[in-house]
Amino acid sequence: MRVGILTGGGDCQGLNAAIRAVAKSLMLNYQAEIIGIEDGFAGLIERRVRPLSYADCSGILSQGGTILGTSNKASPFNYQGQDCAKAVVDYYHELALDAVVVIGGDGSMSIAYELSKLGMNLVGVPKTIDNDLMCTERTFGFDTAVSIVTDALDRLRTTGHSHKRVMILETMGRYAGWIALYAGVAGGADVILLPEFPYDIDEVVRACKQRASDQQYSIIVVAEGAKPLGGKLSVQQTVANSPEPVRLGGIGEALKHQLEQHLQAEIRSTSLGHIQRGGTPTATDRIFATNVGRYAADLVAQGQFGQVVVQQNNQLTSVPLAQVANQSRGVTLDDTTMITAMSLGISFGRDDLRVDSHSRYLVSNS
Ligand code: F6P
């Protein structure tokens with residue numbers, strides 16, 4: 001067997017652990033030859049690949065980033081204005097690949113789905129700090145990002161407490177609030193603002209004032225995709241030629257200015273940005289990336305193509321790429337952590353998000 005591996009989309013912690021697991025499993029158990037595809041789908045478009053030896057895949061388990069490189073600007077279906085999909089399929093056949101393992105998020109899985117319809121044998125492995133891939137309870141990278149944000153919250157808490165300030169922390173996550181929700185709960189935030197539930201500024205003010213009468217400082221976590229009720233997303237920039245051109249950012253500062261009109265306390269805003277995606281993966285992410293990588297290798301060996309490895313009910317399984325492509329998974333009111341946060345009185349900037357005495361969520365107008 002001759003199998004290609006690529007990492008697509010934004011990088012995250014655990015990519016090298018996954019590459020290692022896919023490659024080692026295929027080499028050790030199926031005597032496969034591994035071809036590393038450079039910079040995601042760009043490598044297939046620009047014909048940049050290299051053989052990966054067993055040694056190349058050793059000693060990389062704990063490394064952040066990806067030894068193969070990645071790109072979130074290279075779709076074969078629209079590469080600098082050109083449709084290169086047919087050339088990519090031709091190159092795949094020229095390389096005599098039996099399959100390609102695509103380690104990616106929703107964007108990469110959507111591309112993989114389209115390429116699979118053109119006859120390429122593809123297997124997906126779920127990664128992204130955003131944790132927003134459909135059909136899976138987890139993606140690797142998420143746990144590490146949550147740990148980084150939680151650590152930042154612990155630090156903001158001590159300085160916020162000393163100065164009696166309102167401390168705002170903006171997280172990544174695109175249109176999903178998973179990082180903000182999980183880190184907010186882990187870091188004891190007073191207010192968590194998510195893209196899924198546009199916030200009412202009066203409710204945020206109310207929560208900060210209530211907190212001020214008690215602890216005199218407040219911690220607010222705001223996801224980059226959050227927006228005020230009736231307001232707009234905060235867009236930082238638009239990246240030309242990217243399948244997902246919008247880059248979010250700036251809601252933390254915008255919220256600071258909004259709150260300054262209503263609160264006497266000093267307010268400071270911090271944005272962690274790409275720090276959330278860098279550095280070594282947590283043990284949890286290493287193990288999950290290794291498990292999904294090994295599972296993907298088995299799918300390839302069994303000829304089960306057009307599938308993505310997912311975790312459902314705490315078990316690894318796979319679903320067709322079609323079920324994952326062109327969709328994303330946001331926070332819902334029935335999520336356990338969401339219910340817990342509401343039960344503990346964390347404000348989501350809404351007066352209509354509540355739980356009853358049995359921790360059942362009540363209403364949402366969104
Ligand atoms: O999808 C991962 C992610 O880090 C998002 O959370 C964020 O919105 C985006 O990628 C940032 O993209 P870039 O690395 O192109 O700035």
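A quick note: this is a predicted structure, and the numbers were derived from the prediction, not measured. Every number for a ligand or one of its atoms is a count from 1 in the order of the listing.
- The CZ atom of Arg286 sits 5.5 Å away from atom OG1 of Thr280, with the distance rounded to the nearest 0.5 Å.
- Side-chain contact, Thr144 with Asp285: a donor N or O sits under 3.5 Å from an acceptor N or O.
- Residue Leu248 does not touch ligand 1, judged by heavy-atom distances below 4.0 Å.
- For atom 6 (O) of ligand 1, the closest non-hydrogen atom on the protein side is Asp130 OD1, 2.7 Å.
- In summary, the side chains of Arg350 and Tyr199 do not present any donor paired with an acceptor at a separation below 3.5 Å, with no hydrogens or angles considered.
- Residue contacts with ligand 1, taken as heavy atom pairs separated by less than 4.0 Å, do not involve Val239 at all.
- The distance from atom CE of Met167 to atom OG of Ser218, rounded to the nearest 0.5 Å, is 11.0 Å.
- Close contacts between ligand 1 and His274 involve ligand atoms 13 (P), 14 (O), 16 (O) [criterion: under 4.0 Å to a heavy atom].
- Of all the atoms in ligand 1, the ones that sit under 4.0 Å from a non-hydrogen atom of Glu224 are 5 (C), 6 (O), 7 (C), 8 (O).
- Just one of Thr337, Asp335, Thr171 meets the side-chain contact (heavy atoms from CB on, under 4.5 Å) condition when paired with Trp178; it is Asp335.
- The backbone N or O of Arg50 sits nowhere less than 3.5 Å from a side-chain atom of Glu38 that would complete a donor-acceptor pair.
- Scanning Gln237, Met172, Lys127, Arg247 for the heavy atom closest to atom 13 (P) of ligand 1 points to Arg247.
- Within the 4.0 Å heavy-atom criterion, both parts of Arg174, backbone and side chain, lie near ligand 1.
- Polar contact with ligand 1: present for Gly173 (N/O pair, distance under 3.5 Å).
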